[in-house]
Amino acid sequence: MKANLYVFHGSQKTTCYNEMVSFGNTLMKESPVLSEIAFLAHDTNTMMDQVRVLKNLGATEICLKPILLMPAVHFNLDLPPVVKEAKEIGVTLKIAKTLGESKALSNSLKASLNTIPLKEKTCCVILAHGSKKFPEVEKRLKKIMATLPQNMPLFDSYLLSQEKDLQLNQRLQSLKKEYDHLYVIPFFIFYGHLLEKITRITTENQGILLPNVSLDNVKDALKEITC
């Protein structure tokens, strides 16, 4: 029997974690096959915990769907070992692509850009969670941005945990010297500590923060992304 395993990062921020659980429960309810949710950053409901739950319910083939936008550390380092562990207990586990590769997420960025008034000296920064270990993240975002309307200058920027908020702050400080209207689109799903930081930095630099990726967009992306 086939099943889905939706894997979230998790969060120490209670409201953010609760939002993930609520959304995960919705995905499970709407899934056409047996489903569970798991978390990368928590000791309970780990991926293997939930693989065993699904196995006990009769699943023999599981599609692991990461609720992640880009293939960075978690996608490349945390998910592959679970495939081997699942095989050892008789379960075939396949990993779907990250959500950022879907048309739905590109369309969500286009929709955000279309809300920006076309005035002189206006620019937009699209901000993603970066990774020094995996430069593929930057390549992917640039590829997505190449498909977007070029009605105004578009810039990519990255929030790197190693550098805290340094790159974003420097980017915005530099841009506001040249542009009168500065917009930021956060390529993030849930309102956790990182998005709180982005909100603060954008406000400090007189920028306008547009909405992050909506859960409806994520649902549409998950329909595209299969194993």
Side-chain angles (χ1 to χ4, degrees), residues 6-9 20 23 27 40 64-79 95-118 122-163 165 167-172 174-175 179 181-192 194-195 197-199 201-202 207-227:
Y6 300 102
V7 179
F8 295 78
H9 179 275
M20 292 179 186
F23 183 54
L27 294 177
L40 292 163
L64 190 159
K65 295 193 172 189
I67 311 301
L68 303 171
L69 294 175
M70 293 291 190
V73 174
H74 292 300
F75 184 82
N76 288 293
L77 299 184
D78 294 338
L79 304 191
I95 302 173
K97 294 180 180 179
T98 50
L99 301 175
E101 296 188 51
S102 67
K103 290 182 181 179
L105 270 294
S106 294
N107 289 338
S108 77
L109 290 175
K110 289 177 184 177
S112 291
L113 284 171
N114 287 336
T115 66
I116 299 176
L118 297 179
T122 296
C123 74
C124 181
V125 175
I126 298 178
L127 174 68
H129 194 330
S131 173
K132 283 188 173 181
K133 289 184 178 179
F134 297 99
E136 180 67 19
V137 172
E138 187 171 338
K139 292 178 184 177
R140 291 282 176 89
L141 184 59
K142 288 182 183 295
K143 185 177 180 180
I144 293 170
M145 290 175 64
T147 69
L148 301 177
Q150 304 295 312
N151 297 328
M152 68 192 75
L154 299 179
F155 301 94
D156 57 323
S157 189
Y158 305 89
L159 205 64
L160 300 172
S161 55
Q162 302 95 327
E163 299 179 0
D165 56 11
Q167 183 178 145
L168 175 61
N169 202 37
Q170 289 180 337
R171 170 71 95 178
L172 296 185
S174 175
L175 289 174
Y179 296 95
H181 310 285
L182 176 61
Y183 291 81
V184 175
I185 299 177
F187 201 47
F188 288 76
I189 301 173
F190 297 100
Y191 198 91
L194 289 179
L195 203 44
K197 181 183 293 187
I198 293 164
T199 302
I201 297 168
T202 301
I208 298 173
L209 187 70
L210 296 179
N212 50 304
V213 175
S214 77
L215 297 183
D216 284 339
N217 293 141
V218 174
K219 280 187 182 181
D220 290 338
L222 285 168
K223 292 175 184 176
E224 294 180 49
I225 303 294
T226 64
C227 290

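In this structure the side chain of Phe190 never reaches within 4.5 angstrom of the side chain of Asn212, judged on heavy atoms. At a threshold of 4.5 Å between non-hydrogen side-chain atoms, the residues Leu113 and Tyr183 do not count as touching. Residues Ile144 and Met70 are in side-chain contact: their nearest non-hydrogen atoms beyond the backbone lie under 4.5 Å apart. Contact of the Leu69 side chain with the Leu99 side chain is registered, since non-hydrogen atoms from C-beta on lie closer than 4.5 Å. Residues Asn151 and Ile116 have side chains not in contact (no heavy-atom distance under 4.5 Å, counting atoms from C-beta outward). With a 4.5 Å cut-off on side-chain heavy atoms, Leu77 and Phe134 count as touching. Tyr179 is not listed as a side-chain neighbour of Met152, based on a closest heavy-atom distance of 4.5 Å or more. For the pair Pro117 and Thr122, the minimum side-chain heavy-atom distance is 4.5 Å or more.
With Thr202 contributing its side chain and Ile198 its backbone, the two residues share a donor-acceptor pair below 3.5 Å. The main-chain N or O of Ser108 is found under 3.5 Å from a side-chain atom of Ser112 such that the two form a donor-acceptor pair. Judged by distance alone, the side chain of Asn217 and the main-chain N or O of Leu105 form no donor-acceptor pair under 3.5 Å. In terms of modelled atom types and a separation under 3.5 Å, the side chain of Asn76 and the main chain of Pro71 share a donor-acceptor contact. A donor-acceptor pair is defined here as one N or O able to donate and one able to accept, closer than 3.5 Å; no such pair exists between the side chain of Arg171 and the backbone of Tyr158. Of the possible donor and acceptor atoms, none in the side chain of Ser174 sits under 3.5 Å from a partner among the backbone N and O of Gln170. Using a distance-only test at 3.5 Å, with no hydrogens or angles considered, a donor-acceptor pair links the side chain of Glu224 to the main chain of Ala104.
Heavy-atom minimum distance, Gln150 versus Met145: NE2-O, 3.2 Å. The two residues Ile225 and Lys65 make their nearest non-hydrogen contact at O-NZ, 3.3 Å. For Leu68 against His74, the heavy-atom pair with the smallest separation is CD1-CB, 4.2 Å. Annotation for Ile95 and Cys227: closest pair C-SG, 4.1 Å, computed over non-hydrogen atoms. Minimum heavy-atom separation, Leu79 to Pro66: CD1-CB, 4.0 Å. Taking every heavy atom of both residues into account, Phe23 and Lys219 meet most closely at CE1-CG, 3.9 Å.
Phe75 CZ to Leu64 CG: the interatomic distance, rounded to the nearest 0.5 Å, is 9.0 Å. Leu210 CG to Thr115 OG1: the interatomic distance, rounded to the nearest 0.5 Å, is 5.0 Å. For the atom pair Leu127 CG and Phe187 CZ, the distance stands at 11.0 Å (nearest 0.5 Å). The structure places CG of Leu172 at 4.5 Å from CG of Leu168, a figure rounded to the nearest 0.5 Å. Note that NZ of Lys142 is 3.5 Å distant from CG of Asp156, once rounded to the nearest 0.5 Å. Distance check, rounded to the nearest 0.5 Å: CG of Leu182 to SG of Cys123 gives 4.5 Å.
Shown here is Lys143, whose NZ atom has no more than 12 heavy atoms of other residues, nucleotides or ligands within 6.0 Å.
Of the listed residues (Leu159, Thr199, Leu195, Ile126), just one forms a side chain to side chain contact (heavy atoms under 4.5 Å, CB included) with Pro186, and that residue is Leu195.
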Check the pair Ser102 / Asp220 against side-chain contact (heavy atoms from CB on, under 4.5 Å), numbers first and verdict last.
CA-CA 9 Å; Ser102 67; Asp220 290 338; over 6 Å; no
